[in-house]
Visitor: 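What follows is a single structure, and I will ask about it in a moment.
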Amino acid sequence: MTISTDTSLFTALVDDAGLFPPTSLHMDEALARNRRDLERGSQVLTHRFLCPASRLDRLRGMDYRPRRIGLIADTSTLPDWGDLPVDYVEMPLPPDTSVEELAGRLALRDGVRLFAEVPARKTAMDVPGGVGLKVRCGGATAEAFPPAEHLGQFIKSCAENGIPFKATAGLHHAVRHFDPSLGVDRHGFLNLLLSVCEAVEGRDPVPVLRTTDVGHLVRMANAVPRETAERARKLLVSYGSCSTNAPIEDLRTLGLIA
């Protein structure tokens, strides 16, 4: 097995979205899995537990508390979370609202970071320091998967403007592949990660987003310089996955982590 000499590219990459489709675990099951993952200590996982605002009270009623929580806004107003280790708030950007206006309206306390969700086609935005963007890479329908050109333009814009971002939805496996049930190509999380590496080095990220050549992607991953990996991961903060096992197993199968 060939192991990349620099696994920092994959460190703290995957947030725990076990409550979300298609896995849709019950709260007790999702928290039990989060606890097991924390005990196993994989470097690939952030162990950040993504929880909808509407289910925060349910989480409070459980014996186990995650080490960190990403609050996903699915209610008209955000609940109080002062007793919980929330460090990220992820919220769709309302129509006719700038990211700066949303950040000012929420006025999050120190240590809590806002990620404003925008469509992949939306670029060239002013984003205040300490705030990031969130992009959706898939969903329950074919229309929810942004074209590689839109996603690539989003990544390029973030790289050119130094805007950190998170990704969510649809990134079920490392490499881009066709999903016959939806009739669409699913983006791969390795494609996404390497496309960010391309963007920070001034190259077009789209060809890497589009490729299904597994060997080419593995060779690219093994050749990423440490400085590029660090710059790329400052941009791509993490992505949410309903499975915390599949990303690790994919990276192991490809020989990219031990």
Side-chain angles (χ1 to χ4, degrees), residues 2-14 44 46 93 98-100 113-138 145-171 173-177 185-240 247 250-251 254-257:
T2 301
I3 303 298
S4 171
T5 56
D6 182 12
T7 57
S8 63
L9 192 60
F10 311 112
T11 300
L13 178 64
V14 181
V44 176
T46 67
L93 184 66
S98 70
V99 178
E100 186 173 12
R113 192 175 187 183
L114 169 65
F115 287 87
E117 182 178 331
V118 298
R121 64 180 181 276
K122 189 175 179 68
T123 57
M125 289 177 292
D126 291 326
V127 178
V131 176
L133 298 178
K134 177 180 175 181
V135 66
R136 193 164 292 272
C137 297
F145 290 79
E149 291 76 15
H150 289 178
L151 188 54
Q153 186 58 44
F154 173 87
I155 292 167
K156 182 179 178 182
S157 177
C158 287
E160 291 175 346
N161 295 286
I163 302 171
F165 73 95
K166 290 181 87 267
T168 189
L171 299 165
H173 290 288
V175 178
R176 180 182 178 91
H177 61 283
D185 286 320
R186 285 186 173 273
H187 296 290
F189 71 79
L190 182 58
N191 296 74
L192 177 69
L193 184 51
L194 293 175
S195 72
V196 179
C197 293
E198 291 289 278
V200 300
E201 292 191 342
R203 294 188 290 272
D204 183 2
V206 174
V208 176
L209 285 171
R210 293 186 63 86
T211 189
T212 57
D213 186 333
V214 178
H216 177 60
L217 290 171
V218 170
R219 288 189 294 272
M220 284 188 68
N222 280 317
V224 173
R226 176 174 286 274
E227 181 184 358
T228 299
E230 291 174 351
R231 291 170 62 198
R233 290 306 311 279
K234 285 181 180 179
L235 284 180
L236 177 56
V237 176
S238 59
Y239 79 92
D250 276 13
L251 291 173
L254 295 174
L256 293 173
I257 62 170

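Heads up: numbering here begins at 1 and tracks the sequence.
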Visitor: Rounded to the nearest 0.5 Å, what separation is found between the OG1 atom of T228 and the CD atom of E198?
Guide: 9.5 Å

Visitor: Counting only heavy atoms from other residues, nucleotides and ligands, does the tally under 6.0 Å from NZ of K156 exceed 12?
Guide: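 Count not over threshold, so no.
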
Visitor: Mark yes or no for whether N191, through its side chain, and H187, through its backbone, hold a donor-acceptor pair below 3.5 Å.
Guide: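 Not at all, since once roles are kept as given, no pair shorter than 3.5 Å links the two residues.
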
Visitor: Minimum heavy-atom separation for I257 to F10, with atom names?
Guide: CG2-CD1, 4.0 Å

Visitor: Considering only heavy atoms from C-beta outward, does the side chain of F115 approach that of V237 to under 4.5 Å?
Guide: yes

Visitor: Can you tell which of L114, L93, I163 makes a side-chain contact (heavy atoms from CB on, under 4.5 Å) with L133?
Guide: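 Passing option: I163.
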
Visitor: Taking side chain as C-beta onward, heavy atoms only, is L190 less than 4.5 Å from D250?
Guide: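 Not touching, per the 4.5 Å side-chain cut-off.
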
Visitor: Distance check, rounded to the nearest 0.5 Å: K166 atom NZ versus Y239 atom OH?
Guide: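 Answer for the NZ-OH pair, K166 versus Y239, is 11.0 Å.
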
Visitor: Could I get the full list of side-chain contact (heavy atoms from CB on, under 4.5 Å) partners for T168, not counting sequence neighbours?
Guide: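 Scan of T168 (side-chain contact (heavy atoms from CB on, under 4.5 Å), adjacent residues dropped) gives K134, R136.
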
Visitor: What is the distance from atom OG1 of T211 to atom CZ of R176, rounded to the nearest 0.5 Å?
Guide: 9.0 Å

Visitor: On a heavy-atom basis, which atom in L193 and which in L9 lie closest, and how many Å separate them?
Guide: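 Answer, listing the atom of L193 first, then L9: CD2-O, 3.5 Å.
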
Visitor: Around R203, counting heavy atoms of other residues, nucleotides and ligands shown, do more than 12 lie under 6.0 Å from its CZ?
Guide: yes

Visitor: Mind listing the closest non-hydrogen atom pair of D204 and P207 along with its distance?
Guide: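 Looks like O-CD, 3.4 Å.
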
Visitor: Check whether any side-chain heavy atom of L209 sits under 4.5 Å from a side-chain heavy atom of I155, and report yes or no.
Guide: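 Contact flag for L209/I155 side chains = yes.
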
Visitor: If I take atom SG from residue C158 and atom CG from residue L235, how far apart are they, to the nearest 0.5 angstrom?
Guide: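 It comes to 7.0 Å.
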
Visitor: Rounded to the nearest 0.5 Å, how far apart are CD of E201 and CD of E227?
Guide: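 Here the rounded value is 8.5 Å.
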
Visitor: L192 vs L236, test: side chain to side chain contact (heavy atoms under 4.5 Å, CB included). Steps then yes/no.
Guide: CA-CA 9 Å; L192 177 69; L236 177 56; 4.2 Å; yes

Visitor: CZ/R231 to SG/C197 distance, rounded to the nearest 0.5 angstrom?
Guide: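 Atom-to-atom, R231:CZ and C197:SG are 9.5 Å apart.
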
Visitor: Under 4.5 Å between any side-chain heavy atoms of V131 and V99, yes or no?
Guide: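 Contact flag for V131/V99 side chains = yes.
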
Visitor: Using a 4.5 Å cut-off on heavy atoms from C-beta on, say whether the side chain of D126 contacts that of S98.
Guide: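 SC-SC contact between S98 and D126 ruled out.
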
Visitor: Testing the basics here: between A148 and V206, what is the closest heavy-atom pair and its distance to 0.1 Å?
Guide: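 Answer, listing the atom of A148 first, then V206: O-CG2, 3.8 Å.
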
Visitor: Write down the atom of K234, the atom of P164, and the distance for their closest heavy-atom approach.
Guide: O-CB, 3.5 Å

Visitor: Check the angle between the aromatic planes of F165 and F154 and answer parallel, tilted or perpendicular using the 30° and 60° thresholds.
Guide: perpendicular

Visitor: Are the side chain of R233 and the backbone of T11 linked by a donor-acceptor contact shorter than 3.5 Å?
Guide: yes

Visitor: Is the number of heavy atoms from other residues, nucleotides or ligands under 6.0 Å of E230 CD greater than 12?
Guide: yes

Visitor: Run the salt-bridge test on R210 and E149 with the 4.0 Å N-O cut-off and return the result as yes or no.
Guide: yes

Visitor: Identify the two heavy atoms, one from T46 and one from S238, that lie closest to each other, and give their separation to 0.1 Å.
Guide: CG2-CB, 4.3 Å

